[in-house]
Amino acid sequence: MSNKRFPDGFLWGGAIAANQAEGAWNEGGKGLSVADVAMFKANVDVKDYAKHVAINTQTITAAMQDESDADYPKRRGIDFYHRYAEDIALFGEMGFKALRLSIAWSRLFPTGEEAQPNMEGVQFYINVFKEMKKHNIEPIVTLSHYEMPLALSVKYNGWVDRQVIDCFVRFSDACFDYFKPYVKYWLTFNEVDSICRHPFTTAGIIPDKLTLGKEKQEIYQALHHQLVASAMVTRDCHEKIPESMVGCMLTKLTTYPHTCHPKDVELTLLKNLDNYFYADVQVFGEYPPLTLSRWQREGIKVEMTQADCDVLKAHTVDYVTFSYYMSMTESASDDVERAPGNTIIGVKNPYLDETEWGWQIDPVGLKISLLELYDRYRKPLMVVENGMGAKDTVENGNIHDPYRIKYFKEHFEQMREAINMGVDCIGYTSWGPIDIVSASTSQMSKRYGFIYVDQDDFGQGSLERMRKDSFYWYQDVINTNGESL
Ligand code: BG6
């Protein structure tokens with residue numbers, strides 16, 4: 001069974017996000033985004049994601065006055081803005097069938113409230129899509145990947161305010177109008193479930209501006225606005241581009257019970273349900289009753305109009321995508337070792353190895369995730385982020401990265417098994433096929449790529465691109481549609 005090929009037309013590729021790759025934060029008419037004020041904190045433990053993503057009014061104000069990129073690596077990215085042709089050619093050389101990328105909202109609408117898009121921004125993406133077409137690379141476009149215009153965050157406290165829905169719909173409609181000839185696959189919100197873990201990155205919510213005692217309620221209200229906006233733009237996309245596919249995107253935080261103690265099993269179930277509920281709304285068009293009941297018990301009152309409920313129900317997604325990096329376990333006991341994951345803390349699994357950032361490596365967890373998601377949603381699936389952050393060393397111009405090859409090989413084998421078991425998985429885009437700035441820690445040294453970028457955490461380096469050993473390995477996998485595994 002495991003030697004079977006991947007389906008014909010399987011979309012092999014990679015995924016990047018504008019705020020982590022483009023740089024050019026103050027070029028081409030772009031406005032500041034929430035990513036442009038994220039600081040690199042050299043002295044904070046890399047396993048302490050909460051401290052890395054912490055932000056407040058004071059640090060934002062200081063960042064807005066700072067015109068340099070020295071402390072703000074996402075302002076620099078890897079200069080994809082100027083080097084996209086070279087980078088896309090390298091993806092083409094690897095044989096990419098697809099590239100997932102995002103549109104920087106503030107490149108099109110610098111403050112988020114303009115009536116018309118900034119045409120220099122529009123043209124940039126048209127150029128990128130044309131370049132991809134030359135290499136037969138299909139774009140998968142995320143409309144919102146951790147980068148709303150900072151002005152909306154400051155003025156409205158981000159998505160907490162309902163008015164942001166209109167701003168997002170205007171932005172998305174412009175994307176559909178201008179990029180229609182190039183883009184079939186769309187995603188609305190990256191990791192839509194991440195709003196509670198890092199409200200500023202995900203939804204422009206400045207924590208010290210939340211009402212005391214109502215923090216959770218306001219965050220869920222913001223989430224509700226995102227879900228309604230997601231349904232509205234799904235509607236618009238289907239109208240404007242009838243052949244389009246619009247998907248949701250979930251951080252798949254696969255969690256196992258730490259032991260078979262029923263309390264561990266119960267806690268694990270609740271944790272997994274809490275992970276699913278975001279995608280449930282986008283697939284089924286309504287909030288799960290258990291979520292509504294939990295909100296009620298916790299005194300959380302989310303304002304929802306009948307029109308909101310109607311739009312959610314009428315405009316559900318066509319496919320389900322997710323990121324998968326690691327798994328964790330859950331336990332009712334305090335006497336357990338905790339371990340960091342993708343902006344979440346779980347309980348360490350004694351059977352798994354971990355990366356240098358403490359994320360637990362679990363290829364079987366990818367198969368489990370695919371089976372669970374397909375059984376639950378019965379929609380085509382796409383793995384749109386997967387990979388391991390690692391430190392690489394350049395030796396005489398070579399980068400030997402057997403650890404990365406091992407990680408991918410084991411994950412691909414599990415993905416193939418899930419497909420052979422009946423899961424309709426239509427594509428796979430590895431995270432950061434070229435080294436980019438880390439979302440959580442803003443490091444460059446946390447590298448995911450098949451392509452090395454000569455830049456350190458402080459922005460020093462030539463930005464030269466170099467092929468790692470894994471580059472040739474992935475090229476082979478794609479060229480043989482997985483038979484080389
Ligand atoms: C995902 C995000 O959560 O994980 C990406 O969608 C991010 O933007 C990726 O880069 C890996 O996380 P990190 O913090 O290692 O960059």
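Both ligands and their constituent atoms are indexed starting at 1 by order of listing. Values in this document were obtained by computation on a predicted structure and should not be read as measured data. Basis for what follows: all heavy atoms, side chains included, without hydrogens, waters or symmetry-related copies.
In terms of polar-atom proximity, W431 is counted as a contact of ligand 1, with an N or O under 3.5 Å from an N or O of the ligand. Any N or O atom pair closer than 3.5 Å counts here, and S438 shares at least one such pair with ligand 1.
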Could you give me the CA-CA distance, side-chain angles and deciding distance for F458 and F40, then say whether ring-ring contact (aromatic ring centres under 6.0 Å, His included) is met?
-> CA-CA 8 Å; F458 302 93; F40 169 56; 5.5 Å; yes

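The ligand atoms of ligand 1 that sit less than 4.0 angstrom from a heavy atom of N190 are 6 (O). The distance from ligand 1 to the heavy atoms of K446 drops below 4.0 Å at these ligand atoms: 13 (P), 14 (O), 15 (O).
Contacts with ligand 1 closer than 4.0 Å are made by side-chain heavy atoms of W359 only, the backbone lying farther away. Neither the backbone nor the side chain of I436 has a heavy atom within less than 4.0 Å of ligand 1. Of all the heavy atoms of W357, none lies under 4.0 Å from any atom of ligand 1, so neither backbone nor side chain is involved.
D280 and Y287 form no side-chain donor-acceptor contact under 3.5 Å, judged by distance and modelled atom types alone.
Taking 4.0 Å as the cut-off between side-chain N and carboxylate O, E93 and R467 count as a salt-bridged pair. Salt-bridge annotation for D392 and R404: present, with a side-chain N of the basic residue lying under 4.0 Å from a carboxylate O of the acidic one.
For the ligand labelled ligand 1, residue Y325 lies inside the 4.0 Å heavy-atom shell.
Closest heavy-atom approach to atom 16 (O) of ligand 1 within the set A439, S194, A35: this belongs to A439.
Note: H411 and Y407 have parallel aromatic rings, judged against thresholds of 30 and 60 degrees for the angle between ring planes.
Smallest separation of non-hydrogen atoms from A38 and Y72: O-CD2, 3.5 Å.
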